[in-house]
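Presented below is the structure to which this report refers.
These figures come from a predicted structure and were not determined experimentally.
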Amino acid sequence: QVQLVESGGGLVQAGGSLRISCAASGRTFSNYRMGWFRQAPGKEREFVARINRNGLSTRYADSVKGRFTISRDNAKNTVYLEMNSLKPEDTAVYYCAADSSFSLSMHVTGVDYWGQGTQVTVSS
């Protein structure tokens, strides 16, 4: 089992920045690919970003490319999402995710472990 706990969400004005974190415990963190998903009210959960096991490969949704950066610190068992130039449409609950896949993309259906989510609200 892997336990994931997000932190760092909050309210920010449009154009602002926020960094959210996800601390993992349980099984060996570096064995898992990590990702972030988000879910806005009334919408399906969607992929935001993922990072491979050694942190050298990342992939982003088109909607956040160039604004968000995912990173991980395997020594601290933590994955981060740095969010810049935030827009009201970024408002959602952000979920940390872990999977054991080696595929190029990360999908909701393939996630092995989820965090409880952290709310990010961007005001206009």
#### Entry: Residues Trp36, Phe68; criterion side chain to side chain contact (heavy atoms under 4.5 Å, CB included); working and verdict
CA-CA 11 Å; Trp36 289 96; Phe68 290 12; over 6 Å; no
### Message
Would a single hydrophobic cluster contain both Val111 and Val108, if residues Ile, Leu, Val, Met, Phe, Trp and Tyr are joined by side-chain heavy-atom contacts under 4.5 Å?
### Response
yes
### Message
For Asn74 and Ser30, which I'm curious about, is there any donor-acceptor pair between the side chains at under 3.5 Å?
### Response
no
### Message
Return the CD to SG distance between Gln3 and Cys96, rounded to the nearest 0.5 Å.
### Response
12.0 Å
### Task
Please determine, by modelled atom types, if Arg38 and Thr91 share a side-chain donor-acceptor pair under 3.5 angstrom.
no
### Task
Quick one: closest heavy-atom pair of Asn52 and Leu56, and the distance?
OD1-N, 3.0 Å
### Query
Between OG of Ser100 and CG of Asn31, what distance do you get to the nearest 0.5 Å?
9.5 Å
### Query
What pairs with Val120 under side-chain contact (heavy atoms from CB on, under 4.5 Å), at least two apart in sequence or on another chain?
Leu18, Ile20, Met83, Tyr94, Val122
### Message
Is there a continuous path of hydrophobic side-chain contacts, each under 4.5 Å between heavy atoms, that joins Leu81 to Val64?
### Response
yes
### Query
Quick one: OG on Ser71 to CZ on Arg19, what's the gap to the nearest 0.5 Å?
7.0 Å
### Task
Drop me the distance from Phe102's CZ to Arg53's CZ, to the nearest 0.5 angstrom.
3.5 Å
### Task
Measure the CD-OG distance between Gln13 and Ser123 for me, rounded to the nearest 0.5 Å.
5.0 Å
### Path from Met106 to Val48 over hydrophobic side-chain contacts below 4.5 Å
no
### Task
Give the minimum heavy-atom separation between Leu4 and Met34, together with the two atoms involved.
CD2-CE, 3.9 Å
### Heavy-atom closest pair, residues Ser105 and Arg59
OG-NE, 3.6 Å
### Task
Flag yes if more than 12 heavy atoms outside Lys43 fall under 6.0 Å of its NZ atom; otherwise flag no.
no
### Query
Do Tyr95 and Tyr60 share a hydrophobic cluster (ILVMFWY, side-chain heavy atoms under 4.5 Å, transitive)?
no
#### Entry: Main-chain N/O of Lys76 paired with Thr78 side-chain donor or acceptor, under 3.5 Å
yes
### Message
Using every non-hydrogen atom in the two residues, find where Leu104 and Arg50 come nearest and quote the distance to one decimal.
### Response
O-NH2, 2.8 Å
### Query
Nearest 0.5 Å, what's the CZ-NE2 distance between Arg45 and His107?
15.5 Å
### Query
Minimum heavy-atom separation for Pro88 to Ser124, with atom names?
CG-CB, 3.9 Å
### Message
For Asp90, is there an ion pair with Lys87 - N to carboxylate O distance below 4.0 angstrom?
### Response
no
### Query
With hydrophobic residues grouped by side-chain heavy-atom distances under 4.5 Å, do Val93 and Phe47 end up in a single group?
yes
### Message
Set out, in order, the CA-CA distance, both residues' side-chain angles and the distance that settles side chain to side chain contact (heavy atoms under 4.5 Å, CB included) for Val2 and Phe29, then state yes or no.
### Response
CA-CA 8 Å; Val2 175; Phe29 180 69; over 6 Å; no
### Message
Ignoring hydrogens, what is the shortest heavy-atom contact between Ser17 and Ser85? Give both atom names and the distance.
### Response
OG-N, 4.4 Å
### Query
For Val5, does its backbone N or O pair with a side-chain atom of Gln116 as donor and acceptor, under 3.5 Å?
no
